[in-house]
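Worksheet: the structure to be examined is printed underneath.
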Amino acid sequence: MPELPEVVVTLQGVLPHILGKKVSRVTVRNPNLRWPVPKNLPILLCENSLQSARQRAKYMLFKFANGHMMVHLGMSGNLKILQKHSPPEKHDHVDIIFNDEVILRYSDPRRFGSILWIDGDPSIHKLLVHLGPEPFSPAFDAHYLYSLSRGKTTTVKQFLMDNKIVVGVGNIYANESLFLSGIRPKKSIGSIPLNAYKILVANVIEVLSKAIRQGGTTLQDFAGNEGKTGYFKQELFVYGRGGKPCLKCKKTLKEIRLGQRSSVYCPSCQE
DNA sequence: CAGCGCCCCTGCCCGC
DNA sequence: TGCGGGCAGGGGCGCT
């Protein structure tokens, strides 16, 4: 489930409990995530203190003196804090235990997520080096999208979800941003004028920041770090609503597939 | 080299 | 009530 807002909310929620603390032990119950959890992760982490953490795309980067632990939540992962040990459940794959017994626990039913170790500069890691700008960075603006799209026929939804163009816009927020912008998901990017890109950029930023403020979108797996759930789902206009009436004009929302992902739009509100 | 499918995996929901 | 099929928030990778 995690889209960018969930990643940001997760990192914000978890960090105050572990920042500056030293790792005392690490338990890896199931290393078979998207890529194997490094066998020496416990050795790498133990006796080192968490110096800082930040997010790049949907990756979380936890900085230690000897390198970075990079965590991705995939489709169904989450991180939570436990103040004291409690019995792990079926999909609780990794525990990182700090010296005050606080536990950072990684869970992921589908195991599409990953926990990797990076020596040296994370920005040149092969999974990060080709990523486009963050949606909240000044580099992500209408002129940028406009210039990249001239002469191309890619659909605008796939363009928005392409990590080389901009990171962090997943399926939910791509659908929502396009609805708010009045642009059909299938629209060819070369035919979209600069003004429409201005509206689109503003809506992508608005939708993502609103979701962050509200604690992320909760579908089936995500629970906030304190056990709270997100409230954004109540405000989705199109995602998951194919065949239902448009909340603005009451016409029936259409559902199509683009790049194997469901895309919902209003044939009346979106052109 | 860009673009398009495939696939990793479990859970859930729907229809029979 | 049981089971098979399809679908789910991501995204790297191999192939055309």
Side-chain angles (χ1 to χ4, degrees), chain A residues 1-10 29-37 55-60 70-79 88-94 106-116 118 125-132 135 148-178 185-186 188-190 204 207-208 211-212 214-224 229-243 255-264:
Chain A
M1 114 240 11
E3 294 214 27
L4 189 63
E6 283 77 6
V7 173
V8 171
V9 168
T10 296
R29 294 182 203 86
N30 185 353
N32 303 313
L33 304 184
R34 169 150 200 183
W35 295 286
V37 176
Q55 152 267 326
R56 174 73 177 112
K58 290 174 188 166
Y59 294 95
M60 289 179 265
M70 181 163 72
V71 177
H72 196 290
L73 300 175
M75 292 267 256
S76 57
N78 80 330
L79 278 179
E89 294 177 17
K90 189 173 179 185
H91 301 296
D92 295 342
H93 306 309
V94 178
Y106 178 87
S107 312
D108 188 359
R110 292 176 75 178
R111 289 187 275 118
F112 284 4
S114 56
I115 299 178
L116 296 174
I118 302 179
H125 188 275
K126 71 165 184 170
L127 294 177
L128 303 180
V129 71
H130 298 296
L131 294 175
L148 281 178
S149 61
R150 291 312 86 186
K152 301 213 178 139
T153 56
T154 313
T155 69
V156 64
K157 178 153 179 279
Q158 291 176 296
F159 188 54
L160 267 189
M161 291 181 68
D162 183 345
N163 281 339
K164 293 191 294 300
I165 307 301
V166 60
V167 301
V169 186
N171 200 29
I172 295 178
Y173 301 110
N175 277 303
E176 294 299 309
S177 305
L178 289 167
K186 228 177 157 173
S188 169
I189 58 175
V204 167
V207 155
L208 291 176
I212 291 169
Q214 300 189 359
T217 305
T218 294
L219 297 179
Q220 47 207 30
D221 305 305
F222 185 80
T229 54
Y231 291 98
F232 191 78
K233 190 185 180 188
Q234 304 165 20
E235 306 197 12
L236 297 178
F237 283 96
V238 288
Y239 181 80
R241 299 198 63 251
E255 181 155 5
I256 58 173
R257 295 190 75 77
L258 287 177
Q260 358 276 93
R261 286 174 192 272
S262 79
S263 309
V264 186

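Order of the sequence lines fixes the chain letters, A, B, ..., with proteins taken first and strands second; residue numbering starts at 1 for each chain.
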Stem regions touching DNA chain B, defined by at least 3 consecutive Watson-Crick or wobble G-U pairs below 3.5 angstrom: B:2-8 with C:10-16, B:10-16 with C:2-8

Closest heavy-atom contact between A/His93 and A/Leu33? CD2-CD2, 3.8 Å

Whole Å only: how far is the [atom1] atom of [X] from the [atom2] atom of [N]?
X        : N      : atom1 : atom2 : result
A/Asn78  : C/dA8  : CG    : P     : 21 Å
A/Met70  : C/dG11 : CE    : P     : 11 Å
A/Ile172 : C/dG9  : CD1   : P     : 7 Å
A/Asn32  : B/dC9  : CG    : C1'   : 11 Å
A/Leu127 : C/dG10 : CG    : P     : 16 Å
A/Asn30  : B/dC9  : CG    : P     : 11 Å
A/Asp108 : B/dT10 : CG    : C1'   : 10 Å
A/Glu6   : C/dA8  : CD    : C1'   : 14 Å

Using only atom types and a distance under 3.5 Å, with no angle test, would you say the side chain of [X] pairs donor to acceptor with the backbone of [Y]?
X        : Y        : value
A/Arg241 : A/Leu236 : no
A/Ser263 : A/Arg261 : yes
A/Glu255 : A/Arg257 : no
A/Glu176 : A/Tyr239 : yes
A/Asn30  : A/His91  : no
A/Asn175 : A/Val264 : yes

Counting just side-chain N and O atoms, does [X] come under 4.0 Å of either OP1 or OP2 of [N]?
X        : N      : answer
A/Tyr59  : C/dG12 : yes
A/Lys126 : C/dC13 : yes
A/Lys90  : B/dT10 : no

How would you list, by chain and number, every residue that makes a salt bridge (Lys or Arg N to Asp or Glu O under 4.0 Å) with A/Lys164, sequence neighbours excluded? A/Asp162

Between A/Ser262 and A/Leu131, which is nearer to the 5' end of DNA chain C once each is assigned its nearest nucleotide? A/Ser262

Produce the list of close N/O pairs, under 3.5 Å, pairing protein atoms with atoms of nucleotides 14-16 of chain B; give distances to one decimal.
none

Nearest of C/dA8, C/dC13, C/dG10 to any side-chain atom of A/Tyr239? C/dA8

Regarding the side chain of A/His91, the nearest nucleotide among C/dG12, C/dA8, B/dG11 is B/dG11

Enumerate the residue pairs fulfilling salt bridge (Lys or Arg N to Asp or Glu O under 4.0 Å) with a member in residues 107-116 of chain A, sequence neighbours excluded, ordered by first and then second residue. none

Taking the P atom of each, how far is C/dG6 from B/dC6, in whole Å? 14 Å

Nearest-angstrom distance, P atom, B/dG5 to C/dC7: 15 Å

May I ask you to decide if the ring planes of A/Tyr59 and A/His72 are parallel, tilted or perpendicular, using 30° and 60° as cut-offs? perpendicular

Could you work out, with side chain to side chain contact (heavy atoms under 4.5 Å, CB included) as the rule, every residue matching A/Ser177, not counting sequence neighbours? A/Leu200, A/Val204, A/Val207

Applying a 4.0 Å non-hydrogen cut-off, can you work out what A/Asn163 is touching in the nucleic acid: base, sugar-phosphate, or nothing? sugar-phosphate

Output one line per pair: protein atom, nucleotide atom from nucleotides 2-8 of chain B, and distance, for all N/O pairs under 3.5 Å.
none

Any chance you could lay out the side chain to side chain contact (heavy atoms under 4.5 Å, CB included) test for A/Val37 and A/Tyr106, step after step, and finish with the verdict? CA-CA 12 Å; A/Val37 176; A/Tyr106 178 87; over 6 Å; no

